[in-house]
Amino acid sequence: MKRGQHALGIADKLCMSLPRCVLEGTTYLVTRRCLGRRFLLRPDPALNGLFAYCLGRAADKYGIEIHALSVMSNHYHLVLTDVRGVLPEFMRTLNRSLAMSVKRLRRWDEVLWEPNVPYNAVALSGPTEVLDKVAYTLLNPVSAVLVRTPERWPGLVSTLKRLRRGVLEARRPGLWFKDAAPPKATVRFTVPPGFSGQESYFGALRSLLRTRLKALHAEHRRRGLRYLGALRAQRTPVTEAPKTKKPRFGRSPTFSALTRADWLRALKRLRAFRRAYRAAYEAWRNGERDTEFPPGTWWVVHHAGALAAA
């Protein structure tokens, strides 16, 4: 089979799924989970340094702006802005380097990430959405009833203090990476787009974190829940997984909206993109190679040679 025919075959399969829209300047909440929800990202100094190094290198290579992160024992969250419109390439590089190095760190022979379930990228439409997801990311260890505050989590989490500092440096891990890799990498935390300045952003974030932290504590008391604690989290075997069941398959959201009006606008844009994509793909598949796909079309443009409208 020729390369062009192979690309067409793959494109046919991808076209039957929901197409991905990747636009420059979009801010996302990104999530990736480990195989079977196992605790392969369990917090310890080696894992923390390894994750920061991989993230810093990938973000620098693709011009990704990082606004928040939390690395839990079996998944991670990132709030980021894709300045150049290259999110799939960034995620491929980040997840591959994490997989290759974490597998060696944990002496793990299987895949690291959940197969047949890709990373989830939720587009955030504005400052209110972004602030909501940054707070969600920072409070993830508390929401999971692991520790009482984000500062007590022994894993990587961009606490308010760390966000204000603006940088997280890491040395090259002593496994998998070759000597040609830079000896250091830096994760640079930036203020998300749409905010007037650092003080207004951090003030709003501080207020939201206090409100939500208080609500989480009250909810946990009401339900009689006890926090696991940092030491017990660090002692959990990496081969274990949560006892609670979680659906393996199902739809993942592609955008987030806090109001009905914002939700309707986002849904309208998404449906318009998918209609335009399918019409363009039908024409392109029938031999009209000068057909332009809607802006944001990713796979068929970058891997099958199709054109995209400016």
Just checking, any donor-acceptor pair under 3.5 angstrom between side chains of [X] and [Y]?
X	Y	result
E151	T159	no
K61	T93	no
T31	H75	no

Reported [atom1]-to-[atom2] distance for the pair [X] and [Y], which is rounded to 0.5 angstrom:
X	Y	atom1	atom2	answer
R278	F273	CZ	CZ	9.5 Å
E129	L258	CD	CG	3.5 Å
L35	E110	CG	CD	5.5 Å
L205	S200	CG	OG	11.0 Å
R162	L69	CZ	CG	7.5 Å
L50	W176	CG	CH2	10.0 Å

* Pairs touching residues 202-230 that satisfy ring-ring contact (aromatic ring centres under 6.0 Å, His included), sequence neighbours left out ->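 Sorted pair list: H220-Y227.
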
* **Sequence neighbours excluded - ring-ring contact (aromatic ring centres under 6.0 Å, His included) pairs with any residue from residues 114-164** =>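 Listed by first then second residue: H77-Y136.
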
Once side-chain contact (heavy atoms from CB on, under 4.5 Å) is applied, do any residues pair with [X], and if so which ones, sequence neighbours excluded?
X	value
A68	V79, V134, T137, L138, S158
P242	R37, F39, N74, T244
P237	T239, E240
A181	Y53, R57, R172, F177

Taking [Y] as the starting point, is it possible to reach [X] by hopping between hydrophobic residues whose side chains are less than 4.5 Å apart?
X	Y	value
V30	I66	yes
L87	L23	no
V142	M72	no
Y62	V83	no
L105	V71	yes

Okay, side chain of [X], backbone of [Y]: is any donor-acceptor separation there less than 3.5 Å?
X	Y	answer
S207	A204	no
R104	M100	yes
W108	V111	yes

* **Geometric cation-pi criterion, R33 with W113: 6.0 Å, 45°** =>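 No; the conditions do not both hold, so R33 does not lie above the ring face of W113.
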
* To do: Before giving the answer on salt bridge (Lys or Arg N to Asp or Glu O under 4.0 Å), spell out for E219 and R222 the whole-Å C-alpha distance, their side-chain angles and the decisive distance to 0.1 Å.
  => CA-CA 5 Å; E219 174 65 13; R222 185 187 67 81; 2.8 Å; yes

* To do: Sequence neighbours left out, what passes side-chain hydrogen bond (donor to acceptor under 3.5 Å, both in side chains) with E169? Give chain and number order.
  =>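 Per chain and number, E169 pairs via side-chain hydrogen bond (donor to acceptor under 3.5 Å, both in side chains) with no residue.
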
* Salt-bridge test for E114 and R38: reply yes if a basic N is under 4.0 Å from a carboxylate O, no otherwise. =>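 Salt bridge flag = no for R38 with E114.
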
Just to verify, what does [X] make a ring pair (Phe, Tyr, Trp, His ring centres under 6.0 Å) with, not counting sequence neighbours?
X	result
W298	H302
F189	none
Y28	none
F195	Y201

* Steps toward side chain to side chain contact (heavy atoms under 4.5 Å, CB included) verdict (T291, L307) -> CA-CA 7 Å; T291 299; L307 304 175; over 6 Å; no

* Begin from the C-alpha positions of E199 and R164 and carry the test salt bridge (Lys or Arg N to Asp or Glu O under 4.0 Å) through to its verdict. => CA-CA 10 Å; E199 291 310 312; R164 276 191 170 278; 3.5 Å; yes

* How far apart are the C-alpha atoms of T259 and T128, what are their side-chain angles, what is the distance that settles it, and do they pass the side chain to side chain contact (heavy atoms under 4.5 Å, CB included) test? -> CA-CA 10 Å; T259 67; T128 303; over 6 Å; no

* Whether over 12 other heavy atoms sit under 6.0 Å from R188 CZ ->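 No.
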
* Answer whether the closest heavy-atom distance between the side chains of R285 and E282 falls below 4.5 Å. =>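 Contact flag for R285/E282 side chains = no.
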
* To do: Indicate yes or no: at least one non-hydrogen side-chain atom of D82 is less than 4.5 angstrom from one of I64.
  =>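 The answer is yes, as the side chains (C-beta and beyond) meet within the 4.5 Å cut-off.
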
* Hydrophobic cluster of W263, others only, ordered by chain and residue number, side-chain cut-off 4.5 Å ->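 The other cluster members (ILVMFWY side chains, heavy atoms under 4.5 Å, direct or chained) are F255, L264, L267, L270.
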
* Asked: What heavy-atom pair brings R148 and R152 nearest, and what distance separates the two atoms?
  ->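 Result for this residue pair: CD-NH1, 3.8 Å.
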
